[in-house]
S.K.: 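Let me give you the structure first, and then I'll get to my questions.
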2 protein chains.
Amino acid sequence: MALPDEYATALDRVLELVVLMNDDMAQSFARDGLTASRAHLIWVLHHQGPSTQRVLAEALRVSARNITGLVDALVDTGFVTREPHPTDRRATLVSLTEHGSRVTAEMEKGQHEMADLFFSDMSPDELDCFVTGLTGLVNRLRDRLALERPGAPHV
Amino acid sequence: MALPDEYATALDRVLELVVLMNDDMAQSFARDGLTASRAHLIWVLHHQGPSTQRVLAEALRVSARNITGLVDALVDTGFVTREPHPTDRRATLVSLTEHGSRVTAEMEKGQHEMADLFFSDMSPDELDCFVTGLTGLVNRLRDRLALERPGAPHV
DNA sequence: TATTGTTATACTCTATAACTATA
DNA sequence: TATAGTTATAGAGTATAACAATA
């Protein structure tokens, strides 16, 4: 055990970051008429294009039943459409509407603004040092999670 | 706009940290038979001692009705007790049981272990530089949230 | 027989509103 | 009149299980 006080302060900062980021994202989603889960779903569509509900369930790591509910809600609120799959008549393809595309594009822009807010005040050295420390930390955390949750995907 | 690629990488790391921390905490709570909300509640009791439900509602920033449900569940699962308030007969005092105290003490120990995992591989210089960068980032994020949510408490 | 998505059911967290008991 | 906590009701996310249509 080395520097308990510094460690405690540093961990407090990390925990505060997590809380603030969760708040910030939830708030930003709410402004668009979305929840975190619905935002996650259309974010996947934004990056992967039209997808079956099966694929969405795997991407969000939730049950097929849950995807049915999320897609229902996103259809009702005009973010996505359900269309028949061209070759597999069991499946449906979920696609972004124009509104859904506009919102996900705005989300991407919001990420760039957030990156600017976070990093444009740092010198190149400061940024490098911060990212190095953060990367090591994230890697150690990812390893621990993989160990403690044997069923999880070991990407 | 300065270094878009470095910024994007750095933001990705931050976002990954948030996801992993959320997963890690949820997993750790589940091992103790808790949810995030219930863990938050007993964490407040651990630090503030026996409290009225009113105080807990303010600490967790949720409705009084919600606290009733959380305390019901925590009483059923043996983490807390409800007792009459000594002077105000409208109020009830929520206290940790022995089991609740043991679990919160373990949570505290788990935090120390997490801090060790995160920081014991960093040199003092690396830690200092990481914390400096993180502190600035957290401060800018907190300021932005305060601006965008005028009703929020300006601690 | 396996897969896709649905309906049925249930649990958790969240909220507002109406109500009781007490201050 | 105001406050502490409950009951009533509702919406959202999550799960498993049973079932339909299709592969």
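Just so it is clear: chains get the letters A, B, ... in the order the sequence lines come, proteins before strands, and each one is counted from 1.
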S.K.: Measure from CZ on R54(A) to P on dA2(C) and round the result to the nearest Å.
M.R.: 14 Å

S.K.: Is there a donor-acceptor pair under 3.5 Å between the side chain of T104(B) and the backbone N or O of R102(B)?
M.R.: no

S.K.: If two hydrophobic side chains count as joined below 4.5 Å and joins carry through other members, does V19(A) share a cluster with V62(B)?
M.R.: no

S.K.: Is there a donor-acceptor pair closer than 3.5 Å between any side-chain N or O of N22(B) and the backbone N or O of V18(B)?
M.R.: yes

S.K.: Spell out protein contact along nucleotides 7-15 of chain D as letters: B when the base is contacted, S when just the sugar-phosphate is, - when no protein heavy atom is under 4.0 Å; keep the 5' to 3' order.
M.R.: BB---SSBB

S.K.: Which parts of residues 81-91 of chain A get close to DNA chain D, meaning a heavy atom less than 4.0 angstrom away?
M.R.: T87(A), D88(A), R89(A), R90(A)

S.K.: List in chain and number order the residues that pass ring-ring contact (aromatic ring centres under 6.0 Å, His included) with H47(B), two or more places apart in sequence or in another chain; answer none if no residue qualifies.
M.R.: W43(B)

S.K.: Figure out the CD/C1' separation between E58(B) and dA4(D), and round it to whole Å.
M.R.: 11 Å

S.K.: How many whole angstroms separate atom CG of D76(B) from atom C1' of dC13(C)?
M.R.: 16 Å

S.K.: Taking ring-ring contact (aromatic ring centres under 6.0 Å, His included) as the test, write out the residues that go with F118(B), two or more places apart.
M.R.: none

S.K.: According to salt bridge (charged side-chain N to carboxylate O under 4.0 Å, His left out), does anything in residues 34-60 of chain A pair up with another residue at least two apart or in another chain? List the pairs.
M.R.: R54(A)-E58(A)

S.K.: From CG of L56(B) over to P of dT6(D), roughly how many Å is that when rounded to an integer?
M.R.: 11 Å

S.K.: Salt bridge between D24(A) and R142(B), side-chain N to carboxylate O under 4.0 Å?
M.R.: no

S.K.: Could you pull out all residues at least two apart from H99(A) that satisfy ring-ring contact (aromatic ring centres under 6.0 Å, His included)?
M.R.: F79(A)

